[in-house]
There are 2 protein chains.
Amino acid sequence: MIHFDPNSVKPIYEQIVDQFIKLIGNQVLKPDEQLPSVRELASSVRINPNTIQRAYKLLESRNYIYSVPGKGNFVSPNQTVLSAEISRAEKRFKNSILELKKLGVGNSHIVELTHMTLKGVENHAKNTILE
Amino acid sequence: MIHFDPNSVKPIYEQIVDQFIKLIGNQVLKPDEQLPSVRELASSVRINPNTIQRAYKLLESRNYIYSVPGKGNFVSPNQTVLSAEISRAEKRFKNSILELKKLGVGNSHIVELTHMTLKGVENHAKNTILE
DNA sequence: CCACTGTACTATCTTTAATAGTACGGTTAA
DNA sequence: TTAACCGTACTATTAAAGATAGTACAGTGG
């Protein structure tokens with residue numbers, strides 16, 4: 001189920017995180033389903049439990065899973081996962097707008113740029129500096 | 001003119017980069033003006049020339065300055081600096097839109113979010129500037 | 001109580017980042 | 001051409017951060 005490449009440039013715990021994110025995203029792991037325990041998964045892939053724990057901790061901090069001490073780790077409700085991702089993405093989006101404004105890019109250009117990007121238009125070779 | 005704190009968490013070359021960005025942004029250093037040479041600045045702040053070179057290299061990669069081997073480092077033309085910054089910001093902006101789309105956020109919501117954010121900026125400005 | 005669960009803390013090892021030292025190549029003017 | 005500037009490339013050393021492991025402690029439920 002879970003595997004990793006010890007020779008990868010990517011740290012093991014990240015490889016594990018990536019796989020769980022996919023499994024959760026594809027609903028292979030369903031909301032409130034229990035994940036393998038830290039030790040169980042650790043021994044099945046022959047790695048230190050702490051590395052698994054680190055992966056789980058990261059997944060929890062991103063709201064993919066929630067943990068109940070003494071019981072186990074569980075997949076978060078669907079809405080939780082999505083809304084957490086979206087709110088992070090929205091925050092980045094807002095920040096990028098503020099950045100543009102700070103650089104003197106006019107509102108109309110920002111709106112235009114938004115529409116172009118949504119349409120998938122790549123060529124926007126217009127004057128970006130003047131409003 | 002240039003200074004740094006060796007005990008800062010921020011690496012020295014970054015501290016130097018930050019200062020030059022400000023000086024260039026404020027037009028204290030004007031387009032095509034020559035920067036102190038790597039060795040000159042290094043000895044004046046008592047640091048290794050290579051650290052200064054690294055700062056200059058970074059400034060060059062971001063188009064704040066351009067270098068002419070054998071001659072020196074010079075402030076880039078104004079438009080170059082601005083447009084480079086803007087194009088980087090635009091790229092981040094576009095990526096953040098694509099991220100939102102990937103998460104299933106609808107176009108109309110993205111447009112709305114854009115307007116809200118732009119509005120928020122204006123409101124803030126109006127509150128701080130007496131009108 | 002026992003066998004599970006997660007968690008916190010520290011230690012070690014590896015990798016990366018930051019800085020320094022040295023040597024090389026271009027430019028300019030005498 | 002030579003001397004005194006300039007940037008640049010390369011390698012070595014040191015400092016900091018990151019990844020993993022080992023061990024011990026705490027909650028849960030039969």
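Note that the structure is predicted; figures quoted are calculated from it, not measured. Chain letters run A, B, ... following the sequence lines, proteins first, then strands; residues in each count from 1.
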Option passing side-chain contact (heavy atoms from CB on, under 4.5 Å) with B/Tyr13 (candidates B/Ile47, B/Leu58, B/Leu59, B/Ile52): B/Leu58
query: When you check the side-chain N and O atoms of A/Asn107 and A/Lys101, is any donor under 3.5 Å from an acceptor?
result: yes
- prompt: What's the closest nucleotide to the B/Arg39 side chain, out of C/dT7, D/dA19, D/dC6?
  reply: D/dC6
message: So, does B/Tyr13 get its side chain near the phosphate of C/dT19, meaning an N or O under 4.0 Å from OP1 or OP2?
response: no
- line: Here the distance between atom C1' of D/dA9 and atom CD1 of B/Ile52, to the nearest Å, is 18 Å
message: It should be established whether B/Arg54 places a side-chain nitrogen or oxygen under 4.0 Å from OP1 or OP2 of nucleotide C/dA18.
response: yes
Protein-nucleotide distance (A/Leu58, atom CG; D/dA19, atom C1'), rounded to Å: 13 Å
task: Return no unless some side-chain N or O of B/Asn73 is found under 4.0 Å from OP1 or OP2 of D/dC6.
output: no
field: Electrostatic pair B/Asp18:B/Lys10 at N-O distance under 4.0 angstrom
entry: yes
- request: Hey, which sits more toward the 5' end of DNA chain C by its nearest nucleotide, A/Lys71 or A/Lys57?
  value: A/Lys71
message: Using whole Å, what does the distance between atom C1' of nucleotide D/dT14 and atom CG of B/Asn48 come to?
response: 13 Å
statement: Closest to the 5' end of DNA chain D, once B/Ser37 and A/Gly70 are matched to their nearest nucleotides, is B/Ser37
- prompt: Rounding to a whole Å, what distance do you find between B/Phe74:CZ and C/dT27:C1'?
  reply: 11 Å
- prompt: Quick one: B/Asn7 CG to D/dA16 C1', roughly how many Å, whole number?
  reply: 15 Å
- request: Measure from the side-chain heavy atoms of A/Gln53 and tell me the nearest of C/dT19, C/dT5, C/dA8.
  value: C/dA8
- prompt: Is the closest side-chain heavy-atom distance between B/Gln53 and B/Asn48 below 4.5 Å?
  reply: no
message: Check the orientation of A/Phe74 and A/Tyr66. Use parallel for under 30°, tilted for 30 to 60°, and perpendicular for over 60°.
response: parallel
- prompt: Within the pair B/Ser67 and D/dC6, is there a side-chain N or O less than 4.0 Å away from OP1 or OP2?
  reply: no
- line: Here the distance between atom C1' of C/dA8 and atom OH of A/Tyr56, to the nearest Å, is 18 Å
task: Kindly point out which of D/dT20, C/dT7, C/dT19 is positioned nearest to the side chain of B/Thr51?
output: C/dT19
field: A/Phe4 CZ to D/dA21 C1', straight-line distance once rounded to whole Å
entry: 13 Å
- request: Round to the nearest Å and state the distance from A/Leu41 atom CG to C/dG6 atom P.
  value: 10 Å
